[in-house]
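Some notes on the structure that comes next.
In the text below, chain A, chain B and the rest are named by the order of the sequence lines, each starting its count at 1.
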Amino acid sequence: MIQKLKELFKYRQLILTLVSRELKARYRGTALGFLWSFINPLLLLIVYSVVFTVILPNRTGTVEGVKLDGIEYAIFLFSGLLPWIWFSTSLIESSGVLFVHGNLIKKIQFPIEVLPIMVVFTNLVHFLLGVPILLAMILIFGKGISLTWWLFFLPIALFVQFVFTMGLGFLVSALTVHFRDLKDILTNLLTLWFFATPVIYPFMSEAIQKHKVIVWLLTLNPMTHIIEAYHYTFVFGKLPHWKKLPITFIVGLGLFYLGYLIFDKLRDTVVEEV
Amino acid sequence: MSMNPVIANDIKKFYKKYSQKHRFLTLKSALVKRTLFSDLKKDEVFAALNGVSFEVERGKTVSIIGENGSGKSTLLKILAGISKPTSGELLTQGRISAMIELGAGFHPEISGRENIFINGIILGLTKKKIQEKFDDIVRFAELEDFIDNPVKSYSSGMYMKLGFSIAVNVDPDILLIDEVLAVGDASFVPKCLDKINEFKRQGKTIIFVSHDLSTVERISDEVIWLKHGMIEMKGYPKRVIDSYLEYIGNREEEKAGIKHQKEEKEAEENRENRWGSKEIEISDVKLLDKDGKEKYVYEPDEPVTLEFDVLAHDLEEDFVFGIGIMSTEGVSCYGTNTGIEEYKSVQISEKGKVKVHFPCMNLVNGSYYLDIAVHKQDGYPFDYHHFQYSFKIASRIQDIGITRVPHRWEFSENIRIEKLPPR
């Protein structure tokens, strides 16, 4: 495995090039160009803010000492939504990436493991471009929320999420080649998963905490702890329960190992199937 | 190092025949046994390569020929490391550049310039190396004015030129070329061939797949003929190509023969292509070679005899036999009749036979149709067979037009030009 990781490291130039190609090609030909990377999350943020302050003012109440009403709720929502979009988009794109780049695989000797990695990195960049907007939002509108030193926790949360997403990305991209229904299954599964993860509601809210079964189920979901890590980093300004993220990380590593193993096993069959 | 740079040992490649039923089975066996085939029965796999062994010496150019579906491209993909053989062993030495599809990694939305860098890196070059070679690549591709335009605006020729230019600048030890020169324009193809010759001079190993047998013969040191996934023959180019052409010729022959019979049968029913009052009937139209054997594929310089039976139901005194040769586009290549050629009919009754002898057809490559007719001097048709019989001219010389006008080249002494040895 270490050997394989070293080999992946060898492809860093290739990965870098492919990621920048994807980013360049993404907005090429549009009038606003790269600005779209900022505008997309900004518009999303505006929509959610309007919905949850004007149309559906919610009564989440106070969680971890922060009153999540109106604009604070929008900030809370956005801090979980950005990493969730990174996660879900990466998986959906991974499931198709070997088909989309079929000509690379079939016509050139090409290290195909680079493709899911490219997907996850490309979406990471989109995520990172959303972060300044979130921070600006907190600084300008966040009456009850302030930036704390816990912001430095962000890279750790990022890394854990990266490993977890990458593992699933490998798994999904290789399996979809043989089992194409997976793409549709995945789309639906991700909708379910979205609501089974505390993105639009806080895990620590009273409404959730009083149902032991729900708490237990949510705890089993690794994405719960990853998204919570962002909530704590951006909104609550605290360290989440110390056990949660390390265990998630170990699960993520296991998944990464498994995902890569299966990807590696199926590698030779991909050329014939895409 | 004395080891040959390419050694293939009993390479086999099986594909499973496509079926929805076994998708799970193949996934399972791929996961569990690392092979796609163990759970599939014999009749569900197709052998694209069935035990191919050969070696290529350093600096040699080897061409692979064969019909469509004979396994050429599969073999090249395996040599390139794109797909793995099902069994067998392949040893290669040195950097391989495969031109299986030129510009395969191009992204249409971004510029030629950016694509050169990206493609170069995909092909294994470093950024610095590409920087060094950038001008060469652009110049060779003749794209100086378009290099900053997005690749999607390129013509297919430009696309191919850029792809070729990058691939040769990868500086490979082994170059694999798969029928990629087919798209280039008249000036670029010779340039590519020059580049290939330059590689040869530099002592690089080249494996070339093509249907263009004259190029194959010109550049190869050895030719491998693949048939149904096995090596049918390999060795000296001329010898292999000749055997291959003979095989193809015989096969076409068979096909054309079958077609001819079918056509005759259809002709009976097809009134549209046959008309006339039938006082005299034409039947049993055949083409015969010099030995009197029925044959429908000819070389341009081969003697041909056209033979048909006539049956006169009554005694007739005014009749003309005519023939016409038409190209597939319906262009009349040649037509004549006994009237034009100043024969005067006297009498015909009952059964008879007519033969037209051609010492040679002198037509260029292609398929041709025959018109056969018998009519009165004034044109009143007894029996007219239009477009009902076909034959083929197969020539290795790819001249163009309709007929091969007999000719001979002559050059003054200060022009140095050599005739390639006759094949």
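With a 4.5 Å cut-off on non-hydrogen atoms, Lys152(B) does not touch chain A at all. In this structure, chain A has no heavy atom under 4.5 Å from any part of Leu76(B). Heavy-atom distances place the backbone of Ile105(A), and not its side chain, under 4.5 Å from chain B.
A 6.0 Å sphere centred on OH of Tyr257(A) holds no more than 12 heavy atoms belonging to other residues, nucleotides or ligands. Around CD of Gln202(B), the count of heavy atoms belonging to other residues, nucleotides or ligands within 6.0 Å exceeds 12. Heavy-atom neighbours of Lys129(B) NZ from other residues, nucleotides or ligands within 6.0 Å: at or below the threshold of 12.
How far CD1 of Ile15(A) is from CD1 of Ile121(B): 12.0 Å, rounded to the nearest 0.5 Å. The line from NZ of Lys84(B) to OG1 of Thr269(A) is 11.0 Å long, rounded to the nearest 0.5 Å. Note that the CG atom of Leu104(A) and the CZ atom of Phe106(B) stand 11.0 Å from one another [nearest 0.5 Å]. Taking CG of Leu79(B) as the start and CD of Gln109(A) as the end, the distance is 11.0 Å to the nearest 0.5 Å. In this structure, Phe110(A) CZ and Leu123(B) CG are separated by 10.0 Å, a value rounded to the nearest 0.5 Å.
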Would you sort out whether His107(B) and Lys24(A) count as a side-chain contact (heavy atoms from CB on, under 4.5 Å), showing the intermediate values?
CA-CA 10 Å; His107(B) 198 299; Lys24(A) 272 181 196 158; over 6 Å; no
Intermediate values then yes/no, side-chain contact (heavy atoms from CB on, under 4.5 Å), Thr17(A) and Phe117(B)
CA-CA 9 Å; Thr17(A) 312; Phe117(B) 278 94; 5.8 Å; no
Would Gln13(A) and Thr126(B) count as a side-chain contact (heavy atoms from CB on, under 4.5 Å) here? Give the steps.
CA-CA 8 Å; Gln13(A) 178 75 56; Thr126(B) 59; over 6 Å; no
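Using a 4.5 Å cut-off on side-chain heavy atoms (C-beta onward), Val271(A) and Ile82(B) make contact. Ile122(B) has its side chain within reach of Leu18(A): a pair of non-hydrogen atoms, C-beta onward, lies under 4.5 Å apart.
The existence of a salt bridge linking Glu114(B) and Arg21(A) is excluded, since no basic side-chain nitrogen approaches an acidic carboxylate oxygen closer than 4.0 Å.
Ala25(A) and Glu109(B) make their closest contact through CB-CB, 4.3 Å (heavy atoms, listed as atom of the first residue, atom of the second, distance).
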